[in-house]
There are 2 protein chains.
Amino acid sequence: MAQRKVISFENIRVACRNCTLSQLCLPMGLVAEDVDRLDGIIKRSRPMHRGDHLFRGGERFRSLFVVKTGSVKTYAPSSEGGEQVLGFHLPGEIIGLDAIEKDCHACSAKVLETSAICEIPFHRLEELASSIPSLQHQMFRLLSKEIGHDAEMLLLLGKKNAEERLAAFLISMSKRLSKRGLSATDFYLSMSRHEIGNYLGLAVETVSRLFTRFQDEGLLNVDRKHVQVLDLRSLEGIAGIVQAEDHQQHSN
Amino acid sequence: MAQRKVISFENIRVACRNCTLSQLCLPMGLVAEDVDRLDGIIKRSRPMHRGDHLFRGGERFRSLFVVKTGSVKTYAPSSEGGEQVLGFHLPGEIIGLDAIEKDCHACSAKVLETSAICEIPFHRLEELASSIPSLQHQMFRLLSKEIGHDAEMLLLLGKKNAEERLAAFLISMSKRLSKRGLSATDFYLSMSRHEIGNYLGLAVETVSRLFTRFQDEGLLNVDRKHVQVLDLRSLEGIAGIVQAEDHQQHSN
DNA sequence: AACTCTGCTTGATTTGGATCAAGCGTAATC
DNA sequence: GATTACGCTTGATCCAAATCAAGCAGAGTT
């Protein structure tokens, strides 16, 4: 126990204050001193590999997890054996927020590629939030953001057709990756066509056909998991994103 | 300003501490003294009527709203003129949580029938939460609950067919109403068939046909907005609610 | 009572995407 | 280099629910 308080060389290297994601993640809006206090409760694990679970549905809720590098999918069992992919999580994004209420995980989280993950014991985070108003505020914001994102997904699944869904998915990936300093037009998808289809409420075959169609129409080049977006504007048009008057505030 | 501190007879009558919803709503888990502090920041308005808005998309976010009596729907504009119904809100439920992050409402909230609404200025609630750990915890729980509920909706829209969706909707209404002390099997729906269909991602005609079919199959009696559930178990079966409690680890 | 409006129901037809059914390409294993 | 396996693509067929099209019933108005 006492040993954990020793700040090792490793811990300094990976500390929140040096993390390029700190402005997307929990530390956002915190002063340096508070970032260090937050840093003090975060556990960092060995790298995790494709297929490893952060947690499984049914397990007791203890910690939130943040993707540092790599990617993670969350999914829930559906009534008849199948599963529903609930989301794909990129660096800086927080996983496990839905478990706070029931104190138990309702979904599972599995890493899609070799990933580094930060673990945050929730009760310690709550204690800290009580004494750091800007951390409390940031946590409310993060929870709220998740709700807003879910509402967008409801709209997508309730009102959009297959083409609009895939376009919206690609635009979302593009936006999120570029926020993390990666290319908005050239990226690798870590999830399978099957997982994309599941997430978007479409059959694998439909997803595959749409990738082909988008390529035929000159919107993108696709080679397996490698996507190059050639016409971002048209893709946004298909996704139903109004570009005239693009009123700031497009977070996510 | 000074006048607002005078506790009027009216305020005492409708105070949180006397509210039958307090165990479903924000005061849950708070000691009496803290309930009174919470009560001190809540504004109560004149009754609102069918069609009135609590807020509209685009407006600055200032307050959360809680339904005290009646019901409210939230909805967002979809790309082509239409709208997506995001939720129906019953007494004790909190509205506006998705706006915290952007500091601006992305959706609109409209009352479906004559309703009483409590308004909670968010910045004051945040201040209070900083000094009352159990209130902070309850707010995290409420935000988390909303996320969990949205995940259920994603599963519904992504994986369930029309019949399963309507059954799940009716079961949800039944459960929520009975929690509020009303009948689980005999209730009035305050929303139109059109709104139900919109919410569930179905055409009005499909909703109407399903009500007829459920009635023909002896699952319920329907007369306009009045629903009597005759066979709750079968309805749960259709909705895909496993009653045998057998959720092993569906990995993948 | 007749008229209108709006929300709901019912029937006929269409269709987007699911499902079924092969094949194909790449990567891992032998 | 052959073999297997899995993920992806492509084509053919099918079906659940959307759309189109009336008609109907209750609530409010004249």
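Letters go in sequence order (proteins before strands), and every chain restarts at 1.
Atoms CZ (A/Arg50) and C1' (C/dA28) sit 14 Å apart, rounded to a whole Å. Nucleotide D/dA17 holds its C1' atom 14 Å from the CG atom of B/Leu166, rounded to whole Å. Straight-line distance from the CD1 atom of A/Ile196 to the P atom of C/dG17: 17 Å, rounded to whole Å. One can place CG of A/Leu200 at 14 Å from C1' of C/dG17, the figure rounded to the nearest angstrom. Residue B/Asn161 contributes atom CG, which lies 15 Å from atom P of D/dC15 at whole-angstrom precision. Taking atom NZ on B/Lys159 and atom C1' on C/dG17, their separation rounds to 14 Å, with Å as the unit. Residue B/Leu157 contributes atom CG, which lies 19 Å from atom P of D/dA16 at whole-angstrom precision. Distance A/Leu202 CG to C/dA18 C1': 10 Å, rounded to the nearest Å.
With salt bridges taken as basic N to acidic carboxylate O contacts below 4.0 Å, none links A/Glu119 and A/Arg44. Between B/Glu93 and B/Arg180 there is a salt bridge, since at least one side-chain N of the basic residue sits less than 4.0 Å from a carboxylate O of the acidic one. Ion pairing between A/Arg213 and A/Glu163 holds under the 4.0 Å rule for side-chain N and carboxylate O.
The closest donor-acceptor contact from the side chain of A/Ser144 to the backbone of B/Asp98 lies under 3.5 Å. Proximity of a side-chain donor or acceptor of B/Ser174 to a complementary backbone N or O of B/Thr185 within less than 3.5 Å is not detected.
Nucleic acid contact for A/Gly197: none, since no nucleic acid atom lies under 4.0 Å from a heavy atom of the residue. At a threshold of 4.0 angstrom between heavy atoms, the contacts of A/Ser208 include nucleobase atoms, whether or not backbone atoms are also involved.
Which of C/dC20, D/dA17, C/dT9 sits closest to the side chain of B/Thr212 comes down to C/dT9. Checking D/dA21, D/dT10, C/dC8 against every side-chain atom of A/Arg209, the shortest atom distance belongs to D/dT10. Side-chain atoms of B/Glu205 lie closest to D/dC20 of the nucleotides C/dG17, D/dC20, C/dC8. Looking at the side chain of A/Arg224, the nearest of the listed nucleotides D/dC8, C/dG11, D/dA17 is D/dC8. In this structure, of C/dC8, C/dA18, D/dT19, it is C/dA18 that holds the atom nearest to the side chain of A/Ala203.
Phosphate proximity of D/dG7 to A/Lys225: absent, as no side-chain N or O sits under 4.0 Å from OP1 or OP2. Considering only side-chain N and O atoms, B/Ser192 lies nowhere under 4.0 angstrom from the phosphate OP1 or OP2 of C/dG7.
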